[in-house]
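Working notes, beginning with the structure itself.
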Amino acid sequence: PVDSGALVQLEEGYKKLAASDSKSLLKKHLKKDIFDKLKKKTTPSFNSSLLDCIQSGLCNHDSGVGIYAPDAEAYKTFADIFDPIIEDYHKGFKKTDKHPESSFGKGKDFPNLDPNNKYIVSTRVRCGRSVKNFPFNPCLSEYEYAELECMISGALNTMSGAYKGGYLPLCGMEKSVQQKLIDEHFLFKEGDRFLETAGASRFWPAGRGIYFNEARNFLVWVNEEDHIRIISMEKGGDLGKVYDRMLGGLEALGKYLDFSRDERLGFLTFCPTNLGTTIRASVHIKLPNLTANPEELQKLATKYNLQVRGTSGEHSEAKGGVHDISNKRRMGLTELEAVKEMHDGISALIEAENKAS
Ligand code: ADP
Ligand code: CIR
């Protein structure tokens, strides 16, 4: 059951959100009748409440989305709010829809986006995975963080060839080293208030860390937003090469770890925006003509199902004209289709930039 303190917090938080000018999907979809229907529910195994799901959105009215699943069951117990948000974010994935089986394709499906190195600074593809039989951040004990870290770093340390590297735990990492890794876009940032208020930063930095190979173009984040984030990145626009490297790493890890996948939702993640394929394929790109008119850029991004972020990731500014542009939806289409959506969209933006010059 939901204790009376949490209920009061929920009611007050909801009132404030409803009266605010928040643009979040939470505010848009959490109608009073849905709120009332869900406010006393909890998930069967972990006793997670609606407050656990929406605390981040209640605390941060500038959220784009504003909801997380504290455990996988929350997607079912609180389906009345997750489903419409999922449908909105992933462009029409309905509550009766089923995420397709994985179909990864190959990097050769994606020609270099910028062979003359005119626009693209770097290309990155990431996916997220949860380890079977473990809940998401808000429900993990300190012991489970350690267990997960041990399992994941153990699997990573078996990697060979181009993937051979080392695991660096955040515990004991020099601040200067940490900051350098963040500035180089390798490491996740610290103190993200959206994650913190979602209950995702408990026991920080315990169990968190980063693995990278010698070339520093294959990286794995451990226990940040998701148990695992697998990342491939390099300078330039060779999306195919970057994608293949990510796929190889994913396949190697999958030999040692079982990942959580839901029949309907696909691969399970903490944030509903990452469900399904979990893939975000992005470029850091300079498009001076297009970005001179932010509204026009946003219009084009919407047209091609792309998302524009700042230079240091989500909720950051674009510095020196460098934007992070990626596929937006990850659910209801295959991995190959998700990356193709990004490839075709970025190609179209570059074409538009050329025309505008
Ligand atoms: P994600 O949801 O993929 O983890 P974030 O927006 O939190 O993404 O960004 C994580 C880090 O990855 C940030 O440092 C961001 O600048 C970096 N990043 C994202 N795309 C690229 C890219 N194409 N090239 C270089 N760095 C990138
Ligand atoms: C927000 O709502 O802004 C944060 N909780 C982050 C949501 C994830 N954003 C996204 O577009 N993938």
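Please read all numbers here as calculations on a predicted model, not as lab measurements. Read the numbers this way: they start at 1 and go in the same order the structure lists the ligands and their atoms.
For an aromatic pair to be called close, the ring centres must be under 6.0 Å apart, and Y75 with F82 satisfies this. For F110 and Y243, the gap between ring centers is short of 6.0 Å.
A distance limit of 4.0 angstrom between heavy atoms and ligand 2 selects the residues S63, G64, V65, G66, Y68, Y89, F194, C271, T273, Q307, R309, E314, H315, R330. Within 4.0 Å of ligand 1, the residues that place a heavy atom are S122, T123, R124, R126, H185, W221, R229, M233, R280, S282, V283, H284, R309, T311, S312, G313, E314, D324, listed by chain and number.
The two residues M331 and G276 make their nearest non-hydrogen contact at CG-CA, 3.8 Å. When all heavy atoms of L30 and Y14 are compared, the closest pair comes out as O-OH, 2.7 Å.
Y163 places a side-chain N or O within 3.5 Å of a backbone atom of R245 that can act as its donor or acceptor partner.
D324 pairs with exactly one of K286, R309, R280 by the salt bridge (Lys or Arg N to Asp or Glu O under 4.0 Å) rule, that one being R280.
With no hydrogens or angles considered, no side-chain donor-acceptor pair links D226 and T269 at under 3.5 Å. Side-chain N/O atoms of N274 and R330 include a donor and acceptor closer than 3.5 Å. Side-chain contact, Y167 with E149: a donor N or O sits under 3.5 Å from an acceptor N or O.
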